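Taking it in order: structure first as structure tokens, then the write-up.
No experiment lies behind these values; they were computed from the predicted model shown.
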Amino acid sequence: MSTQLNDIIHDIERQKYATDNGTRMHNALRQIKLDGANQIGDAEIIAHIQYLPDLVPLFSPAARTEVPVAGIVRGKFVSRRFDRMLVDGAGRHVYILDYKTDTDKTIFHDKYIAQLHEYIELARQIYPDYKISAMILWTHDWTVERV
């Protein structure tokens, strides 16, 4: 088999692994619920989240997962799904969290930042009088990037 064909097959296998890994992580994160001592979900993931105190409320029972949203952004209709969202009515603040499983933060970074800005714009349409905050949770190193 030619080297070029081997490279193509390797790229396809690597991409499938990355997609499968991302799907598994998203599914595991969707199951996490933190309510004081009552914790539901993967213990290892919960431990990582608990070391990021700003994120803990986004995994509370008040937070929503896989939130469908739609609206007009820059003159174009878009339909998206927030990985996690928490609406703090008392504080008039909406928090949006997006999971990213990439091991290299730089490859799609500009695309991801644009995506989160789009999320902020969509949330502003729904909650015009609220402050909107968006974050990326990088699951390969459990860091948070505020957008």
Interatomic spacing from CZ in Arg80 to CG in Leu122 - rounded to 0.5 Å: 7.5 Å
Separation between CD1 of Ile72 and NZ of Lys76, rounded to the nearest 0.5 Å: 10.5 Å
Heavy-atom side-chain contact between Met135 and Leu55 under 4.5 Å: yes
Side-chain donor or acceptor of Asp102 paired with backbone N/O of Lys105 under 3.5 Å: no
Rounded distance [0.5 Å steps], CE in Met85 versus CD1 in Ile126: 6.5 Å
Residue pair Asp98, Lys100: steps toward the side-chain contact (heavy atoms from CB on, under 4.5 Å) verdict: CA-CA 7 Å; Asp98 195 53; Lys100 298 298 180 196; 2.7 Å; yes
Donor-acceptor pair, side chain of Gln50 and main chain of Val56, under 3.5 angstrom: no
Val94 side chain near Lys131 side chain, heavy-atom distance below 4.5 Å: no
Residues Tyr127 and Arg92: side-chain donor-acceptor under 3.5 angstrom: no
Asp42 side chain to Ile45 backbone, donor-acceptor under 3.5 Å: yes
Minimum-distance pair of heavy atoms, taken over all atoms of Ala63 and Pro57: CB-O, 3.9 Å
Exercise: identify the closest heavy-atom pair between Ala47 and Tyr51: O-CD1, 3.0 Å
Near-ring test Tyr130/His93, centroid separation under 6.0 angstrom: no
Test log, rule side-chain contact (heavy atoms from CB on, under 4.5 Å), inputs Thr101 and Thr23: CA-CA 9 Å; Thr101 58; Thr23 299; over 6 Å; no
Minimum side-chain heavy-atom gap Leu29-Ile49 below 4.5 Å: yes
Heavy-atom check, side chain of Tyr99 versus side chain of Arg84, under 4.5 Å: yes
Same cluster (ILVMFWY, side-chain, under 4.5 Å), Leu97 and Ile113: no
Between CD1 on residue Ile46 and CG on residue Leu34, distance to nearest 0.5 Å: 5.5 Å
Side-chain heavy atoms of Val78 within contact of Glu118, under 4.5 Å: yes
Same apolar cluster (I L V M F W Y, side chains within < 4.5 Å links), Phe108/Phe82: yes
Shortest non-hydrogen contact between Ile96 and Ala123, atoms and distance: CD1-CB, 3.8 Å
Nearest non-hydrogen partners of His117 and Val147, listed with the distance: NE2-CG1, 3.6 Å
Full working for side-chain contact (heavy atoms from CB on, under 4.5 Å) between Asp104 and Ile107: CA-CA 6 Å; Asp104 183 344; Ile107 295 175; 3.5 Å; yes
Side-chain touch Thr103/Trp138, heavy atoms, less than 4.5 angstrom: no
Residue pair Val67 / Thr65, side-chain heavy-atom distance below 4.5 Å: no
Shared hydrophobic cluster for Phe59 and Val87 (ILVMFWY, side-chain gaps under 4.5 Å): no
Heavy-atom neighbours of Arg64 CZ exceed 12 at 6.0 Å: no
side-chain contact (heavy atoms from CB on, under 4.5 Å) between His48 and Leu52, worked out: CA-CA 7 Å; His48 286 293; Leu52 301 165; 5.7 Å; no
Asp83 CG to Glu66 CD distance, which is reported to the nearest 0.5 Å: 5.5 Å
From CD1 (Ile136) to OH (Tyr119), nearest 0.5 Å: 10.0 Å
Beyond-backbone contact of Trp142 with Leu137, side-chain heavy atoms, under 4.5 angstrom: yes
